[in-house]
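The structure appears right after this line, and notes come after that.
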Amino acid sequence: MVTMTTVRVPAGWPVTEEQARAVQDELRGRVVLDEPGPPPGTGRVTGVDVAYDDARNLVAAAAVVLDAATLEVVAEATAVGPVPFPYVPGLLAFREIPAVLAALEALPCPPGLVVCDGYGLAHPRRFGLAGHLGVLTGLPTIGVAKNPFTFVYDDPDPARGSVSPLLAGTEEVGRALRTRDAVKPVFVSVGHRVSLDNACAHTLALTPRYRLPETTRRADASCRRALRDATTDHSAASG
DNA sequence: GCGACAG
DNA sequence: ATCTTGTCGC
């Protein structure tokens, strides 16, 4: 069963980039970096992702809970609402978080570790989507992104499991992690209450077959479906 | 000042 | 993110 809810833009949600950056500067200090996080392959792992229909000003979010050992889906929820912020590099969280929070809150069970489609510590102010979501929920979170953003890395060795540091100058803000042999790596960073080593281990445990984590793949399919359902005409009567 | 830039 | 057909390969 998939619960589908509607979201409103929270009162006081930032309107300008300056306000949004101020929120990041205020919340970033609450990120917890000294916990290892849950061990891979145990408990539950939840993927969150969003899809947009800019023409209709709609955003759909999905939270899909997997059994970490079997990667089977155990629960799923979606939320649809207005797009609350424009896309600005470095401020992605303000576009995605209200819908993602609503989807997480609609779940019938605890999410366990949350895997975000984007960055955590690897961020201009060290406070990307995964860290922001972690601070707001208290949940352990990691970010797995498809692109290196503005960061620098050397290509990891071709074998699955190979890593190389993702660098902001000399600071390691995440890792380029090869999840499939000879395929472009993904970019892992810490969100909240999870170590970087453990975040990479989780990402490998979630990629037995494809480049992207099963959590991300499931959440992506789910939020697209939710957006389509919210956009499609359900009034026609026929079998 | 200009371009680049998670999704 | 999103716009988009066929096509090569396991």
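In what follows, chains carry the letters A, B, and so on, assigned in the order in which the sequence lines appear, proteins first and then strands, with residues in each chain numbered from 1.
Each of A/F85, A/F127, A/Y87 was scored for a ring pair (Phe, Tyr, Trp, His ring centres under 6.0 Å) with A/F94, with one residue passing: A/F85.
Minimum atom distance to the side chain of A/D117 is reached by B/dG7, of the listed B/dG7, C/dT2, B/dC5.
Proximity of the aromatic rings of A/F151 and A/F187 is defined here by a centroid distance below 6.0 angstrom, and this criterion is not met.
Per the geometry, CZ belonging to A/R217 stands 16 Å off P belonging to B/dG7, to the nearest Å. As a whole-Å value, the separation of A/L92 CG from C/dT2 P is 12 Å. When rounded to the nearest whole Å, the span between CZ of A/F94 and P of B/dG7 equals 18 Å. At whole-Å resolution of the value, CZ in A/R175 and C1' in B/dA6 are 19 Å apart. We find that CZ of A/F187 is positioned 10 Å from P of B/dG7, with the value rounded to whole Å. One interatomic measurement links the two molecules: CD of A/E96 to C1' of C/dT2, which rounds to 14 Å at whole-angstrom precision. At whole-Å resolution of the value, CZ in A/F149 and P in B/dG3 are 18 Å apart. Atom CZ in A/R125 sits roughly 12 Å away from atom C1' in B/dC5 (whole-Å rounding).
A/R224 and A/D49 are not joined by a salt bridge, as no carboxylate oxygen comes within less than 4.0 angstrom of a charged side-chain nitrogen. Using a 4.0 Å cut-off between a side-chain N of Lys or Arg and a carboxylate O of Asp or Glu, A/D181 and A/R178 do not qualify as a salt bridge.
Nucleic acid contact class of A/L166 (heavy atoms, under 4.0 Å, all strands): none. Among the protein residues, A/Y119 comes within range of the nucleic acid bases, having at least one heavy atom under 4.0 Å from a base atom. Here A/A51 lies in heavy-atom contact (under 4.0 Å) with sugar-phosphate atoms only. Among the heavy atoms of the strands lying under 4.0 Å from A/G90 is at least one base atom, whether or not backbone atoms are also near. As judged by a 4.0 angstrom heavy-atom cut-off over every strand, A/D49 is placed among residues touching the sugar-phosphate backbone only.
Side-chain N/O atoms of A/K146 include one lying less than 4.0 angstrom from OP1 or OP2 on B/dG7. Distances shown here put a side-chain N or O of A/Y87 below 4.0 Å from the OP1 or OP2 atom of B/dA6. Using a 4.0 Å cut-off, some side-chain N or O of A/N147 falls inside it from OP1 or OP2 of B/dG7. Applying the 4.0 Å criterion to OP1 and OP2 of C/dA1, one finds that A/R224 has a side-chain N or O inside that range.
Residues A/R209 and A/D54 each lie close to DNA chain C; by heavy-atom proximity, the contact nearer the 5' end of the strand is made by A/D54.
A donor-acceptor pair shorter than 3.5 Å cannot be found between the side chains of A/T78 and A/R225.
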